[in-house]
Amino acid sequence: MFDIKLIREQPDRVREALRRRGDEGARVDAILTADAERRSALSELETRRNQRNAISKEIGRMKPDDPQREAKRLAALTINQQIDLLELKVNEVQTRLNELLAEMPNVPDADVPFGKDDSENVVVKTMGAPRQFDIEPAPHWDLGPALGILDFERGIKLAGSRFYVLSGAGARLQRAVIQWMLDVHLAQGYREMYLPFMVKEQVVFASGQLPKFRDNLYHDVERDAWMVPTAEVPLTSLHAGEILDGAQLPLNYVAYTPCFRKEALSAGKDVRGIKRGFQFDKVEMYKFCLPENSEAELETLRENAEEICRRLDIPYRVKVLCTGDIGFCARKTYDIEMWAPGCNEWLEVSSCSNVGDFQARRANVRFRREAGAKTEFVHTLNGSGLALPRTMIAIMENYQQKDGSIVVPQALQDYMKMDVIR
RNA sequence: GGAGAGGUCGCAUAGUCCGGUCUAGUGCGCGCGACUCGAAAUCGCGUGUGGGCGCAAGUCCACCGGGGGUUCAAAUCCCUCCCUCUCCGCCA
């Protein structure tokens, strides 16, 4: 949620930030208008309430048979009519203002490069050299079925297009990767969490997926239960409504969850393999930190995600997203992409974002620097560590051998209790 | 799913039957101060959140699980929803 005070006090700065995102910024004016209306109506309302409360108290102090009593009662009645009208007005304006604010994206950091879309994201580093293959490296959609570890037909039989089944060593490999990733992040200082995979609408709103991305979410209309599209959603609200102790920050969490997303199925794009589906697994890192530390924490978070790539010994690169591609909630985002020689593309395996106080405002997560100090909003950060299907793709394609077998990466051999999938 | 009991200012509780003196009492905790060489004990004062107006001091409004209603006035009365606990049933 956007800070109304920032818009009120520095509207030009906000307009400029929106412009960098490719938004014309007209809603800033709509917000300023609604805010002014709200405050003026609210002042009036509170004055009337004050008068009404005073009269009520007078009546309370009177004797039951006081001749003035009826006149006072009627005076209060008149004021109440005005209160009713003002309440309607305030509620209407407040609702309008909330809707406008709920759809305001975050302001990108000053060092985020300007750009119109994903073609203008900037590669900040590339690590590891692509392996040289004697043969043309096969894509995972050929490798997996050939080894009997990836079964598209049965996935489609069970759940339809875009679903698949991992079988035998394929299923074990994914479980090993999850376990290993969690262990790596534990060692980096994160606390492991097991979370609900279905959450309330308010929780989805708090992380910024609602109202804008309603169409991408699965939910049960009868129960107010929304399938999580990422562990970021429940983690954002883990401390919703709480006032944290500033001395205990940062709080670092890591959680494994499945993720459910209604993807737009466009023919010809990402249709093959397991790169994109309605259901996938992910290990997610999340931080609650002091405002002054969030920029540094983003670097740590990115580094913690990169460590997974390095320890798997898979080539990867890091991009900083430009203003035109950065997510709704984010101030700054790094994407990490692994090289997949079979599909011949860079796969986004992680997205690490500093969202500042954006989600903390929506979820109302605050802290105090010391006892008695004013409450402030925490800053939050989230980063995949990592997304499973694409990590699986990268492992399969980078570690394939001439005979179609797949070497288990060194880091995973103890977890898999095998060194080659054949 | 059935029956019952509850949700009050960090925690624990009072208040709810009989609406106004509740700007919610008390204890604990916490903060400041007094006493003390220091501490404990004791004593005094203070101690919620959000919002409006204001340079500020301050002041006003709202909040007793959520929403709605009755009333001049609601923690208190009415309706409704949610949650928690106990017992029973069912169940991986």
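Fair warning: this is a prediction, and the values are worked out from it, not measured in the lab. Naming convention: chains lettered A, B, ... in sequence-line order (proteins, then strands); numbering from 1 in each chain.
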Excluding sequence neighbours, so at least two apart, what forms side-chain hydrogen bond (donor to acceptor under 3.5 Å, both in side chains) with A/Gln82?
A/Arg48
Quick one: look up who [N] pairs with, Watson-Crick or G-U, both distances under 3.5 Å, and put none if it's unpaired.
N: B/G31; answer: B/C45
N: B/C64; answer: none
N: B/G89; answer: none
N: B/U70; answer: none
N: B/C55; answer: none
N: B/G6; answer: B/C83
N: B/A75; answer: none
N: B/C22; answer: none

Give the rounded distance in Å between these two atoms: [atom1] of [X] and [atom2] of [N].
X: A/Leu88; N: B/G68; atom1: CG; atom2: C1'; result: 14 Å
X: A/Lys200; N: B/C81; atom1: NZ; atom2: C1'; result: 12 Å
X: A/Gln94; N: B/A62; atom1: CD; atom2: C1'; result: 12 Å
X: A/Leu86; N: B/C61; atom1: CG; atom2: C1'; result: 13 Å
X: A/Ile79; N: B/U71; atom1: CD1; atom2: P; result: 17 Å
X: A/Glu87; N: B/G67; atom1: CD; atom2: P; result: 13 Å

Distance between [atom1] atoms of [N] and [M] (Å, rounded):
N: B/C64; M: B/A12; atom1: C1'; result: 16 Å
N: B/A24; M: B/C32; atom1: C1'; result: 25 Å
N: B/G20; M: B/G29; atom1: C1'; result: 33 Å
N: B/A75; M: B/U8; atom1: P; result: 15 Å
N: B/A62; M: B/G66; atom1: P; result: 15 Å
N: B/C87; M: B/C78; atom1: C1'; result: 30 Å
N: B/U21; M: B/A74; atom1: P; result: 11 Å
N: B/C9; M: B/G50; atom1: C1'; result: 14 Å

Using the ring-ring contact (aromatic ring centres under 6.0 Å, His included) rule, collect all pairs that involve residues 208-239 of chain A, keeping only residues at least two apart or in two chains.
A/His219-A/Trp226, A/His239-A/Tyr253, A/His239-A/Phe288
So ring-ring contact (aromatic ring centres under 6.0 Å, His included) across residues 91-111 of chain A, not counting sequence neighbours, yields none
Taking only residues at least two apart or on different chains, which pairs with a member in residues 138-159 of chain A satisfy side chain to side chain donor-acceptor pair (under 3.5 Å)?
A/His140-A/Glu397, A/Asp151-A/Arg154
Within the distance-only criterion (no hydrogens, no angle test), does the side chain of A/Arg362 pair as donor or acceptor with the backbone N or O of A/Val204 below 3.5 angstrom?
no
Which residues pass the side-chain contact (heavy atoms from CB on, under 4.5 Å) test with [X], sequence neighbours left out?
X: A/Arg13; result: A/Leu6, A/Gln10
X: A/Ile156; result: none
X: A/Ser237; result: A/Val203, A/Ala206, A/Ala240, A/Ala363
X: A/Asp215; result: none

Is the shortest side-chain N/O distance from A/Asn50 to OP1 or OP2 of B/C60 below 4.0 Å?
no
Is a donor from one side chain sitting under 3.5 angstrom from an acceptor on the other, for A/Tyr256 and A/Gln179?
no
Any protein N or O atoms within reach of nucleotides 73-75 of chain B? Criterion: under 3.5 Å, listing atom names and distances.
{"unit_1": "B/A73", "atom_1": "OP1", "unit_2": "A/Asn80", "atom_2": "ND2", "d": "3.0"}
{"unit_1": "B/A73", "atom_1": "O4'", "unit_2": "A/Ser56", "atom_2": "OG", "d": "3.0"}

Taken to the nearest 0.5 Å, the spacing of A/Ser56 OG from A/Gln51 CD works out to 12.0 Å
Under 3.5 Å, which protein N or O atoms sit close to an N or O of nucleotides 46-53 of chain B? Give each pair with its distance.
{"unit_1": "B/U49", "atom_1": "OP1", "unit_2": "A/Arg368", "atom_2": "NH1", "d": "2.8"}
{"unit_1": "B/U49", "atom_1": "OP1", "unit_2": "A/Arg368", "atom_2": "NH2", "d": "3.3"}
{"unit_1": "B/U49", "atom_1": "O3'", "unit_2": "A/Arg366", "atom_2": "NH1", "d": "2.8"}
{"unit_1": "B/G50", "atom_1": "OP1", "unit_2": "A/Arg366", "atom_2": "NH1", "d": "2.7"}
{"unit_1": "B/G50", "atom_1": "OP1", "unit_2": "A/Thr375", "atom_2": "OG1", "d": "2.8"}
{"unit_1": "B/G51", "atom_1": "N2", "unit_2": "A/Glu46", "atom_2": "OE1", "d": "3.1"}
{"unit_1": "B/G52", "atom_1": "OP1", "unit_2": "A/Arg8", "atom_2": "NH2", "d": "3.4"}
{"unit_1": "B/G52", "atom_1": "O2'", "unit_2": "A/Ser43", "atom_2": "OG", "d": "2.7"}
{"unit_1": "B/C53", "atom_1": "OP1", "unit_2": "A/Arg39", "atom_2": "NH1", "d": "3.1"}

Pairs involving residues 92-108 of chain A, ordered by first then second residue, that meet salt bridge (Lys or Arg N to Asp or Glu O under 4.0 Å) (sequence neighbours left out):
A/Glu37-A/Arg96, A/Glu92-A/Arg96
Can the ring centroids of A/Phe197 and A/Phe260 be said to lie less than 6.0 angstrom from one another?
no
Of the residues in residues 68-77 of chain A, which ones touch RNA chain B at a heavy-atom distance under 4.0 Å?
A/Arg69, A/Arg73, A/Ala76, A/Leu77
